[in-house]
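Reading through the structure tokens given below for one structure.
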Amino acid sequence: MNARMWCGVAAVCALALVGHAHPRVVAIGDLHGDYDKSVEVLREAGVIDAELRWVGGGAVVVQCGDLTDRGDRMNDIIALFEKLKPEAEAAGGEVVTLLGNHEVMNLVGDLRYVHPKTLAEAGGREGHMARYDPVTGDIGKVLMKYPTVVERADTLFVHAGFLLEHAKMGVERVNQGMWDAIAAGRAGERSPLMGSKGPVWVREQVAAAAAGDCASVHAALAGLPSQPKRMVVGHTIQRGGTVGEFCNGAFYAIDIAMSTFIARADYLAYLEIAGGAATVRGRARDEL
């Protein structure tokens, strides 16, 4: 099945894939089923109020994947972000949610990291798989609208990494290729996009950048027609609740294990891009 159907209206696809100039962008890393921390970081960024209503005006929120797994309220987090999308649009803003490897795992039936409470709420494994089916599932159809990579504010956002080979494909082809691979089921697992060097799985790019080798980052950014200024990823946890800033500000790794289902600590951070500059916001508290 061709996954183009998941884009729905062409204008919606264009919104998801094409870069826009906005006064403020908030990038949020992996949330892994922690609903309370999801609400907290959105409130800390000033884009929702106590009633969970969008108050961010023309701001753009990009959540870099892995809303799902580990914690016990992944479905509620997905619902929250879906609720905010039309509210943000009506105010001139935008909420973008990217595919992470854990969204992909749920879509293809890999439930190793789904919380037992979430499975029980669906009536067991089969019920959960039915909800996350990419063709017929109520949640699966929502996730199949999530792009893998977007450009906003001269910045490339992706879950795990973006290599030169992905840049040569281009943003639109990478997104479509991921949707097609997921919709193809087992046959789609052979796609390089779904492999260990795919954009929702690769870790070598973060490891290299952290070691001072920025060649992969610079090559990928230069390989895109738009030549964005920086790349922002999640996926690879940065220790101590501190966002990783590498390559003279050309590469940010923003997964700090905010979910309390991963780290026994109270970490909170997001990356704010405004006026062409990127600034890390947040705090790290003592272990719980």
Side-chain angles (χ1 to χ4, degrees), residues 24-48 59-71 77 96-98 100-102 113 152-162 199-218 220-221 228-288:
R24 179 176 185 247
V25 177
V26 171
I28 298 171
D30 305 35
L31 293 168
H32 281 303
D34 191 331
Y35 182 82
D36 292 340
K37 188 57 66 71
S38 301
V39 170
E40 186 179 3
V41 71
L42 289 165
R43 291 203 66 194
E44 184 79 12
V47 295
I48 65 170
V60 175
V61 169
V62 181
Q63 197 285 321
C64 288
D66 281 6
L67 298 175
T68 54
D69 286 347
R70 310 286 189 182
I77 299 173
V96 180
T97 42
L98 300 183
N101 61 303
H102 283 269
Y113 300 101
R152 297 289 185 274
D154 208 17
T155 304
L156 185 80
F157 299 90
V158 65
H159 178 62
F162 201 77
V200 302
W201 284 105
V202 64
R203 294 193 189 274
E204 291 87 346
Q205 194 168 39
V206 173
D213 180 359
C214 297
S216 174
V217 171
H218 291 315
L221 294 175
K229 182 177 180 180
R230 66 183 69 84
M231 187 188 311
V232 177
V233 304
H235 188 54
T236 299
I237 294 174
Q238 306 301 295
R239 301 299 176 184
T242 302
V243 167
E245 180 180 353
F246 309 113
C247 307
N248 294 318
F251 193 63
Y252 289 86
I254 64 170
D255 181 4
I256 62 162
M258 274 195 288
S259 174
T260 54
F261 292 87
I262 294 180
R264 292 292 298 169
D266 186 13
Y267 297 148
L268 186 147
Y270 61 92
L271 186 69
E272 180 180 73
I273 302 168
T279 305
V280 175
R281 309 284 189 193
R283 45 96 178 130
R285 292 178 180 160
D286 294 336
E287 290 194 358
L288 299 174

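Not measured: the values here are computed from a predicted model. Residues: numbered from 1 along the sequence shown. Basis for what follows: all heavy atoms, side chains included, without hydrogens, waters or symmetry-related copies.
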Which residues pass the side-chain contact (heavy atoms from CB on, under 4.5 Å) test with Ala160, not counting sequence neighbours? Val202, His235
Under the side-chain contact (heavy atoms from CB on, under 4.5 Å) test, which residues partner Glu245, sequence neighbours left out? Tyr252
Could you measure the distance from the [atom1] atom of [X] to the [atom2] atom of [Y]? Nearest 0.5 Å is fine.
X      : Y      : atom1 : atom2 : value
Met231 : Ser216 : CE    : OG    : 6.5 Å
Asn101 : Asp66  : CG    : CG    : 4.5 Å
Asp213 : His218 : CG    : NE2   : 9.5 Å

Is there side-chain contact between [X] and [Y], with at least one heavy-atom pair below 4.5 Å?
X      : Y      : result
Glu44  : Val26  : no
Val25  : Phe157 : yes
Ser259 : Leu31  : no
His102 : His32  : yes
Leu42  : Ile28  : yes
Val233 : Phe251 : yes

State whether the side chain of [X] and the backbone N or O of [Y] hold a donor-acceptor pair below 3.5 Å, judged by distance alone.
X      : Y      : value
Lys37  : Tyr267 : yes
Gln63  : Gly29  : yes
Asp255 : Ala257 : yes
Gln205 : Phe162 : yes

Of the options Thr279, Thr155, Val60, which is the one that meets Ile273 in a side-chain contact (heavy atoms from CB on, under 4.5 Å)? Thr155
For a quick test of reading the model, state the closest non-hydrogen atom pair linking [X] to [Y] and the distance between them.
X      : Y      : value
Ala209 : Cys247 : CB-SG, 3.9 Å
Asp154 : Pro228 : OD1-CA, 3.4 Å
Ile256 : Gly241 : CD1-O, 3.7 Å

Does the pair Asp34 and Arg70 meet the rule for a salt bridge (Lys or Arg N to Asp or Glu O under 4.0 Å), with working shown? CA-CA 8 Å; Asp34 191 331; Arg70 310 286 189 182; over 6 Å; no
Working for side-chain contact (heavy atoms from CB on, under 4.5 Å), residues Asp36 and Thr260: CA-CA 9 Å; Asp36 292 340; Thr260 54; over 6 Å; no
